[in-house]
Each structure stands twice: as structure tokens, then as C-alpha cells.
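First the structure, in the form of C-alpha cells, and then the observations on it.
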Amino acid sequence: MGVEGARRMIRIAGAPAAPGLAQGRLHRPGARRRAERRPGAPADERAALARAIASARVELEQLAARSGEGEAAGILQFQLALLEDEALTAPAFAAIDTGTAADAAWRGALDEQIADYERAEDAYFRGRAADLQDLRERVLDRLAGAADAAIPANAILAAEDLAPSKFLAIDWRGGGLVLGRGSPTSHLAILARARGIPVVVGIDAAACDGHGHALLDGYTGELVLDPDEPTRRAFAERMERDRSRQAAEAEYLARPAVTGAGERIWVTVNLGSLEELDGIDASHTDGVGLVRTEFLFQDRHGLPDEEEQFRAYRRILDWAGGRPVIVRTLDAGGDKPIPGLTRTGETNPFLGVRGVRISLRHPEVFAIQLRALARAAAHGPLRIMVPMVTVPEEMARVRWLLDEAVAGTRAAVRPPLGMMVEVPAAALAIDRFEADFYSIGSNDLIQYLAAASRDEPELAPLAKPSPALWRILKDIAEHGRRTGCEVSLCGDLAGDPAAIPALLDCGLRKLSVAPAALASVKAAIASYGRSS
């Protein structure tokens, strides 16, 4: 028996952040050691820092070009924008002029910015501190002439944290990731789910030191270190069953979603960027159930004008080919701040001025979006959906603003106006709201019902579906049937195959899911109502 086989098998429980199974050698990236620079002439140090920043910029541009997806591109574009921001780089060059070495000057300038982000009350800005840390290390590496260590193929990488740009640079085929920090809603978890890479968080990476082989279960959150032969064989069989299941689900991708009893269910997709359109066959969907228009407003200088927004909405309609497209008006605030628009320093941004509350406080910005949407509606079946509606008066105000936009643009069509149902006050009094359709946002509705943040790993057992949620969903679906008003669900719950039977039991017949979940959701629908 070899040394590895003689080690005792250890099972460690973490939190699943991205589903999937992986097995392989453990890889623990070592601490980066760089020799400190001896300060040279200020002109030489300035030139060295400028070269390092330019090199880092080229690397990030190459990563952005390869990433292709909206979420990944947004993260990388944010870092690129930071490198172009003189407010970030100027303090470093100023320190060099006083005799400081280029690396110490850069580290000092970035550390100050990172500390500001980490102290921010807004969760979005606190999360972006990791992007700044990544940028700091990338430029320092280029100053030191250090290259990123190669990650072995089919490895289970164990680290306390991993910057998104580092994640995007790794070939993950056959591998998986274990992190000490992070949550299922982090940037990295979103990227991993889009790529089918299993991730487990909440496991001290140091616990992996001294161990060789590992089994990673991204469904349950379990990590097995130095598994014995029976455990390895059982896990290999699970992986084979998982591959067979995915292959079987893929057979449903191009088919309409139909229950085992023959009932048609409408399955649309959620979109967070225009880039996502390139990876989806429109014929595999019944349309677009949610367009997150925040992508037009974030990680940029200035707000998008009417023409830019119109072109984006028109492109989605053209892609959909006559299928319905539901566009959500700007859902800024919470974890999605927009510079110059959202408020800073809110004590609880998820319960603050966000969604329609912001739009109605900035009617000049809202009017531009409504005019662009009204114009686009002439080119396809576009519907407008309003987020974070709490009281009927908000919908009445939006309806009036939409009528003004239609009249002002002389639009040929007035698009249907619906609302997201994600605030308990609206969900429990749905009969009081005048809307052309309803779409349930399960993510926020779940966290508001449980008073448990979906971004806090320790509260994960609370931030999940409850009897209260199922009762509310059933009541909303019944209201839709009684009034003839369409009801759909566009939150993450719709993309969970395990939740499909309960959602259909509640009476929901329209679901909108992430593109990657189309096959598994259609397969789950096909199994519903099938006689044994």
C-alpha cells in the first residue's frame, strides 16, 4: 500500500456553491513570494510601473476576449476600468516621485482603496474589494516578473479565496474548487455554475494540506480527502450516473416542455447580457422571461442613452424571432449600485431605495428607458416588467409614465405592463394590483419571507423555500387563473429540477430559467405526472 493509501480518509462538510462532481489530486497554490524592489531613480520606477500596468491591461483584455459571457466580461471590464482611472494610479506615481519603489508605491495606493471598499456598507462594493486585491497582485507580479503557477489538469484546487480573473485563466476541465470564503451568490460561484465547475465553500483550505487525492461533491457540499478504494469506486459510479443523467436531459433540450400527462409548460430564459444570446438556440426556448437591463448601466462611465437601449432591446427581439420577450426595467440598488443613480451609505440596501423606488425618484432616467422600450415594442412582442413593486400606487405611476413615453415617441404599440412579485406586501395582496401579467421573483421573495439574507452562508438553511412560500405561490397562481392574468416565475427556484414538482403543484405553468438549466428543467417537467 502506498503512502497516500495509508492516510486515513477524512470527510469535511462545506456549503455547495456550484453543482457537479469532481475527483483528482489536491492542488494548494503556495504563497506568492516576491523580492522587494530597491528604489531606483523616480523616472525608472515610474516607467517600470507603467509597463507593469500596461502588461496587466493586455492580460485582462485577452481574458475578456476569451470569456465571452456577460458576467465574466463585466468583472474583467471593471478591472480594466480601474486601470484607466487616474484616481487609482495617480497616488502610486506620486509616491514614486518622493523616492518610493514602484512596488511599494503601488501596494500602498491599492491597499488604501481596498480598505475603503471593505469598509463600505454596501455589499456590492465590499464584494468588489476582491477585484482590487486581484488587480494589486497582478501588477505586483508583473513588476517582479513573476508568472502565474500552472494548475495541473483534473485537479481539485483548494484555496482560501480565488480572484475571478484567476479563475477565468484556469482550464477547469475535469477539475473542481474548494474555498474557505465565498458564498453561492458570489461572482465566482456564478461563473462556475455557468461553466459546469463544481465548487464547495466554507472549508478551511489549510485542512487540505498534506493530503493527496480528493472527491468533491458540488451537490451536497462534501469534500472527501484521501478516500479509500470502496469510496473511490462508489464516487466513480456516481460520476458515471451523473454524466448519463446529463446526456439523457440533453435529449429534451430541443423539445417543447410537456409533462408526463401531456400538459404543455412554457419555459423561457433569463438574460443578463447580449453576449449570452450567442450561446443559446432560440428554438430551444419559448422566449425570454427576464431581461436584466442592469447590464446596460453597470461598469461604465455615464448612463446609456435612448438609442443605445433601443438597439439592445431590438437585438433581443430579433434573436427571439417572434417569441415573447419580457424586459425588466432597471433593478438598481441592493447589490447592484449604479454610480450617480443609487444611494450610498444605506444602512440596509436590500430594504432601501432600489428597483422601482429608484426609477420613480429619477423620472428623467426612467423616461429614457420607457421611451426606448416603447420604440422597440414595434419590432416584436415585448413586455415591460417593473421590479420591487410594493404598493398599487407605484404601478399606477409607472403606467402613467409609460403612456407618456408611448405618446412622446408616437409608438405604434403600447407594450403590456406587468410587475415582479417579490415583496411580501405585494404577494399577499396581489388582487389589489393592476397589472397585465405577474412574474414571481423567488430570490428576493424567499429572503424577505425568512428575514434571512441569501448572501450569508450561515443562514443558508433559512434562505430556502418554506411552507409559507409554497402557500403564497399557490395563491398567486390561483389569482392568475381566476382573472385570466398570466403568472410566471423567473427566480433561481425555477431552474432547480428538484423544485419543479412543487412549482407545478402550486399551479405555475410558465417558468423562466438560466440558459444552462433548460435541459434539466425540461427533463424534470417531462417526469412530472408520469404514471409509474
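Predicted model, so just to flag it, every value in this text is computed and none were measured.
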With sequence neighbours left out, what residues match Ala101 under side chain to side chain contact (heavy atoms under 4.5 Å, CB included)? Arg37, Pro39, Glu45, Asp103
More than 12 heavy atoms of other residues, nucleotides or ligands under 6.0 Å from CD of Glu364: yes or no? yes
Can you give me the closest heavy-atom contact between Pro91 and Ala109, atom names plus distance? CB-CB, 4.1 Å
Derivation of the side-chain contact (heavy atoms from CB on, under 4.5 Å) call for Arg292 and Asp331: CA-CA 8 Å; Arg292 299 181 175 98; Asp331 190 17; over 6 Å; no
Sequence neighbours excluded, the answer for side chain to side chain contact (heavy atoms under 4.5 Å, CB included) partners of Leu132 is Leu82, Leu88, Leu110, Gln113, Ile114, Tyr117
From the options Val199, Leu157, Ile203, Leu26, select the one residue that forms a side chain to side chain contact (heavy atoms under 4.5 Å, CB included) with Val178. Ile203
Which distance, rounded to the nearest 0.5 Å, do you find between the CD of Glu240 and the CG of Leu21? 11.5 Å
Does any part of the side chain of Leu177, heavy atoms only, come nearer than 4.5 Å to the side chain of Ile170, both counted from C-beta? no
Can you sort out the partners of Gln246 under side chain to side chain contact (heavy atoms under 4.5 Å, CB included), two or more places apart, ordered by chain and number? Tyr219, Asp242
One should read off an interatomic distance between Trp106 CH2 and Leu135 CG, to the nearest 0.5 angstrom, of 5.0 Å
What I'd like to find out is whether the side chain of Arg11 reaches to under 4.5 Å of the side chain of Met9, using heavy atoms alone. yes
Quick check for you: to the nearest 0.5 Å, what is the distance between Asp111 atom CG and Gln133 atom CD? 9.0 Å
Sequence-distant partners of Asp97, side chain to side chain donor-acceptor pair (under 3.5 Å), two or more places apart: Arg46
So how far is it from Leu489 CG to Met420 CE, rounded to the nearest 0.5 Å? 8.5 Å
Return yes if some donor-acceptor pair links the side-chain N/O of Asp161 with the main-chain N/O of Gly180 below 3.5 Å, else return no. no
Candidate list Arg57, Glu59, Arg51, test side chain to side chain contact (heavy atoms under 4.5 Å, CB included), partner Arg142, passing option: Glu59
For a 4.5 angstrom cut-off between non-hydrogen side-chain atoms, does Glu422 reach Asn443? no
For a quick test of reading the model, state the closest non-hydrogen atom pair linking Gly174 to Asn154 and the distance between them. CA-OD1, 3.4 Å
Check side chain to side chain donor-acceptor pair (under 3.5 Å) between Gln309 and all other residues, then give those that pass, not counting sequence neighbours. Tyr313
Considering non-hydrogen atoms only, spot the tightest contact between Pro227 and His213 and give its length. CD-O, 3.7 Å
Roughly how far, to the nearest 0.5 Å, is OG of Ser55 from CG of Asp141? 10.0 Å
What closest approach, in Å, do Ala494 and Val513 show between heavy atoms, and which atom pair accounts for it? O-CG1, 3.3 Å
Identify, with sequence neighbours excluded, every residue that meets ring pair (Phe, Tyr, Trp, His ring centres under 6.0 Å) alongside Tyr448. none
Euclidean distance, His362 NE2 relative to Ile368 CD1, rounded to 0.5 Å: 12.5 Å
Please name all residues satisfying side chain to side chain donor-acceptor pair (under 3.5 Å) with His284, sequence neighbours left out, ordered by chain then number. none
Once side-chain hydrogen bond (donor to acceptor under 3.5 Å, both in side chains) is applied, what residue pairs with a partner in residues 511-521 remain, sequence neighbours excluded? Thr268-Ser512, Asn270-Ser512
Which heavy atom of Asp217 sits nearest to which heavy atom of Val200, and what is that distance? O-CG2, 3.5 Å
Listed partners of Val288 passing side chain to side chain contact (heavy atoms under 4.5 Å, CB included), at least two apart: Val269, Leu271, Val291, Ile316, Trp319, Val325
Ignoring hydrogens and angles, tell me if any N or O in the side chain of Arg28 forms a donor-acceptor pair with the backbone of Ala205 under 3.5 Å. yes
Under the side-chain contact (heavy atoms from CB on, under 4.5 Å) criterion, do Asp204 and Ile12 qualify, and how do the steps go? CA-CA 10 Å; Asp204 182 4; Ile12 304 176; over 6 Å; no
One pair to check against side-chain contact (heavy atoms from CB on, under 4.5 Å): Ile156 and His27. What are the steps and the verdict? CA-CA 6 Å; Ile156 306 297; His27 179 76; over 6 Å; no
Please say whether more than 12 non-hydrogen atoms of neighbouring residues, nucleotides or ligands are located less than 6.0 Å from CD in Glu112. no
Do Leu223 and Cys208 come within less than 4.5 Å of each other through their side chains, counting heavy atoms only? yes
Between Arg315 and Asp278, does a salt bridge (Lys or Arg N to Asp or Glu O under 4.0 Å) hold up when you go through it step by step? CA-CA 12 Å; Arg315 181 181 170 191; Asp278 297 331; 3.4 Å; yes
Between Thr293 and Arg328 the two heavy atoms that sit nearest each other are OG1-O, 2.9 Å
Contact between Pro465 and Leu493 at the side-chain level, heavy atoms closer than 4.5 Å - yes or no? yes
State, yes or no, whether a side-chain contact exists between Val139 and Leu49 at a heavy-atom distance under 4.5 Å. yes
Considering only heavy atoms from C-beta outward, does the side chain of Gln369 approach that of Phe366 to under 4.5 Å? yes
Listed partners of Arg173 passing salt bridge (Lys or Arg N to Asp or Glu O under 4.0 Å), at least two apart: Asp171
Partner set under ring pair (Phe, Tyr, Trp, His ring centres under 6.0 Å) for Phe93, not counting sequence neighbours: none
Does Glu249 reach the side chain of Lys522, with side-chain heavy atoms less than 4.5 Å apart? no
List the residues meeting ring pair (Phe, Tyr, Trp, His ring centres under 6.0 Å) with Trp172, not counting sequence neighbours, and say none if there are none. Phe167
Taking Arg354 first and then Asp444, would you say they form a salt bridge - that is, a charged N and a carboxylate O separated by under 4.0 Å? yes
Within the distance-only criterion (no hydrogens, no angle test), does the side chain of Thr100 pair as donor or acceptor with the backbone N or O of Ala105 below 3.5 angstrom? no
